[in-house]
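Here is the naming used below: chain letters follow the sequence lines, and residue numbers restart at 1 for every chain. Just so we're clear, the structure is a prediction, and the values are computed from it rather than from any experiment.
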Number of protein chains: 2
Amino acid sequence: MFMATHSSRSRIPHPTLKDVAALAGVSSGLASMALRGVNGPSENTRRMVLAAAEELQYRGNATASLLAREHPRLLGVTCFLDRDLDADIVDHLYVEAERLGYELVIGATTPSHSLQASLEMLAANSCEAIIAVGPQNPEECLSKISSRIPVLAIGAIPENRQGVSSVHIDDRLAMKLAVDHLVKLGHTDICHVTGGSGYSSSERKTGYEIAMRGAGLDKEIRIIEGGQTEEAGVEAAQVFLLGSAPTAVIAYNDACAIGAMTEARKLGYSVPDDLSVVGCDDSRASRIAYIDLTTVSQDREDLACQALRRTLTLIKDPNSTRTEYKSAPQLIHRSTTGPQHNRGKQPNSCASRE
Amino acid sequence: MFMATHSSRSRIPHPTLKDVAALAGVSSGLASMALRGVNGPSENTRRMVLAAAEELQYRGNATASLLAREHPRLLGVTCFLDRDLDADIVDHLYVEAERLGYELVIGATTPSHSLQASLEMLAANSCEAIIAVGPQNPEECLSKISSRIPVLAIGAIPENRQGVSSVHIDDRLAMKLAVDHLVKLGHTDICHVTGGSGYSSSERKTGYEIAMRGAGLDKEIRIIEGGQTEEAGVEAAQVFLLGSAPTAVIAYNDACAIGAMTEARKLGYSVPDDLSVVGCDDSRASRIAYIDLTTVSQDREDLACQALRRTLTLIKDPNSTRTEYKSAPQLIHRSTTGPQHNRGKQPNSCASRE
DNA sequence: TTGTAGGCGTTATCAG
DNA sequence: CTGATAACGCCTACAA
C-alpha cells in the first residue's frame, strides 16, 4: 500500500457535513442529527451516515457548531498554571463537565496574561459561563464581566461583588481548625502570617482572631503581614522570630508556611520542636516528604462539583441571585506540628535534629 | 442616573455588528473594517462606527469571526497544569503570540483529560496549529493529529514522529553539564536516575553515558530506573543507596531529584557532604530556599520564541519539513552539590548537620 | 422519517 | 470610499 509522503494539508480541505451527507446520500440536516445521536433519523440512515463520516475521516467543526447552536454547552475556565491546587480543581471540573455534557476551554492567567484578558477571550468565544479558579485579586473585572455572562468564582469573593457567585472553603473555619489543632498540642503563643491584601486573606485573618478568642487566647493574638509566596513567608519569619518568638505559626497558605519554616530552620529553630508550622491548601508542595507540612486541606472534588452545579443554574436562570457555598476544610496533621515543649523560645545553636 | 438592579442578561441579546452598523448609519461590512482597523473606511466613518460600538458596548463574536476568517490567527496550546516549567513556557508563549497578533486557547492535560482529548478539542475549534507543551508521553497522538493540523512539540520527540516539529533543550548536553559539574567537584562515582520510558528520558540517559565516557568514567556508569515524580526519586534512592552508594546522583528532573534527596537524608546521608544531587529543569520547587537544588535550566523564553516562530512557518507552509531545535541548557549551581570528600560512603548516624 | 431553507455573526468579494 | 451579497459550516424549524 502506498502512502503519501507529504500530507498535503493545504490542498484538500477538511470534509464538511455536506460531504458526509452527500456520500451517505442524505441531506445535511439528517446527517447532523445522525452524527449527534439525537433521535429522528432511522437506524439505517444513522449507519449510513456514520459509515460515510468514518470513511471521510470527518471531524465536526466546533466553531460552526458553536455559532449555530443556541446552547453551546461550552464553559470557560480561567486559572493559574502554576498552582497545583488549581490544577486539581480543573481536573475535577473536566470530570464533572464531561459528565454533564459540557466542554471546557481554558484561559490561563499568567504574569503576562491578565485575568481580564482571559475573561474577555472566553466571553468572546461563545462560552455560556465562566468559572474563575484561584485567588482573584483584581476581582473587579469579575464583576464587570458578570453583567455580560454568568461568572462563578472558585475562591472567596467579597460579598459586595454583585453578580458573582462563589464556591470556596470556609476560610474562617480553616483557621479555626488550625488554631484548635495547635491548642490541643498545648500551644498558646500562636501567631498568624497573613496572605496580603486579598479577600480570602482577610477572611483567614478574621478566622484566626475568632478562633484565638474562642480558645481564650485574646491576649496572644499576633498578626504578621505576609503574602502568598515562599518569599513572603521568609520575610514574615524574620519579623516574628525577632524578640519573643511564638511556639507556633499559622500561615495564610502552604507556600508562605514553607518559606517561614525554611527561614526558621535557617535561623536555628527546630521544626516542630521549637516551632510548629501550619499551612493551608494541602498543596502538592506540602506533601513533599521532605517538607511534610501540616496543613488544612480543600476538598477539590467538592469545590468542582458545586461550582459546576451552580454554574449550570446560573446559565439556566441568569437572573437568579448570587450564591455562596462554603466547603468544609479538614486538618491534615503531618510532621511540622508537635506538642509545645515549653522549653523556651530561644533558637538552638545546632541547626536541626531528629 | 438610574441603573438596572437586575442585569437582564437573558432578555437583551448582545449587540451584533449589524446593530453597530445601523447605529452608525453604515453597512455592516464597513463597520467590520472600521472596527478591525484595516484601511478602507474614511476617518469620519471610523469615528462614527467606534462611537456606535462604544455606545452599544459592542463586543465582537469571536466564534463568528473565526468561522468567517480564512486565517483565524488562533493557536491551540496543550499543557499540564501542575508543572511550573510548562507555566513559564506558556507565559512566554502568550507574550510572543500577542506580539505576532495571535490568540491562544488552552487545552489542559490532566489525569482525567487526556492529551488526545485536548488535541481533538483544539483541532475542532479552528486553531491553525497546535503547540504541545511538556513531556508528551503518548506521542502517537501528536503524529496522528499532525496530518490534520500542524503540530509543534515543546519537548523532545523521537525522530520518527512524522510531521511533528519540536523545540526542546539539548537533553544530552544538559546531562553533560551535570556530569562535568560533578567531575569538576571531584566526583567519579556518579549515578543517574532515569525518567522512565519517555523519549527525553532516554535522551538524557544517553547524554549521561556519553558524558561519563567523555570523562573517562566508563566503568562508573550506573543507571537506576526512576521516573518523573518525587515518589520515583524516593524509590530510586532506596536502590542506589543500598550497598556501595555513589557520591553523586543526577536525576532525570527536579522532582525526581528532590525525592531522591529526601530519601537519602532520611536514611542518614548528608547532602551535599555525603551525596551531591543534581536535578534538571530549574523548576520552581528546585528554587525553594529550603531545597535549593543544583539543576540544569531550560531557557523558557528561548523555547517559546522558537516554538512560535516555527509554528508560524508550519502554518504558512504545511508541507515544509519537520524541524527540530535544541535550546542550550545551563547549569545552575545551588547548594545540593559540593566537593567529593572521599570520606567513605557510609551514612552518618546523625541525620544532618550544617 | 426525510429534505428544504433560513439563520447564527463575521469576513470578503465585487460592483458602484 | 461604500453597500450589497455570498460565503464560513452547522443547527433547526418547518414542510413534505
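Listed by chain and residue number, Glu120(B) satisfy the salt bridge (charged side-chain N to carboxylate O under 4.0 Å, His left out) test with Arg59(A) (two or more places apart in sequence, or in another chain).
Note that CG of Leu104(A) and OG1 of Thr110(B) are 9.5 Å apart. Values are rounded to the nearest 0.5 Å.
In summary, contact between chain A and DNA chain D, defined as any nucleotide atom under 4.0 Å from a heavy atom of the protein, begins and ends at dG9(D) to dT12(D) in the 5' to 3' direction.
The heavy-atom pair separating Glu128(A) from Ile149(A) by the smallest distance is O-CG1, 3.7 Å.
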Footprint string (nucleotides 4-16 of chain C, 5' to 3'): B base within contact, S backbone only, - free, heavy atoms under 4.0 Å = B--BBBBBB----
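Remark: side-chain polar atoms of Glu324(A) are not paired, donor with acceptor, to backbone N or O of Ser166(A) under 3.5 angstrom. Under the 3.5 Å distance criterion, the side-chain polar atoms of His113(A) are matched with a main-chain donor or acceptor of Ala108(A).
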request  = Evaluate the side chain to side chain contact (heavy atoms under 4.5 Å, CB included) criterion for residues Asp82(B) and Asp91(A): first the C-alpha distance (whole Å), next the side-chain angles of each, then the deciding distance (0.1 Å), finally the verdict.
outcome  = CA-CA 10 Å; Asp82(B) 54 350; Asp91(A) 184 36; over 6 Å; no
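For Ser118(A) and Thr78(A), the side-chain atoms include no donor-acceptor pair closer than 3.5 Å.
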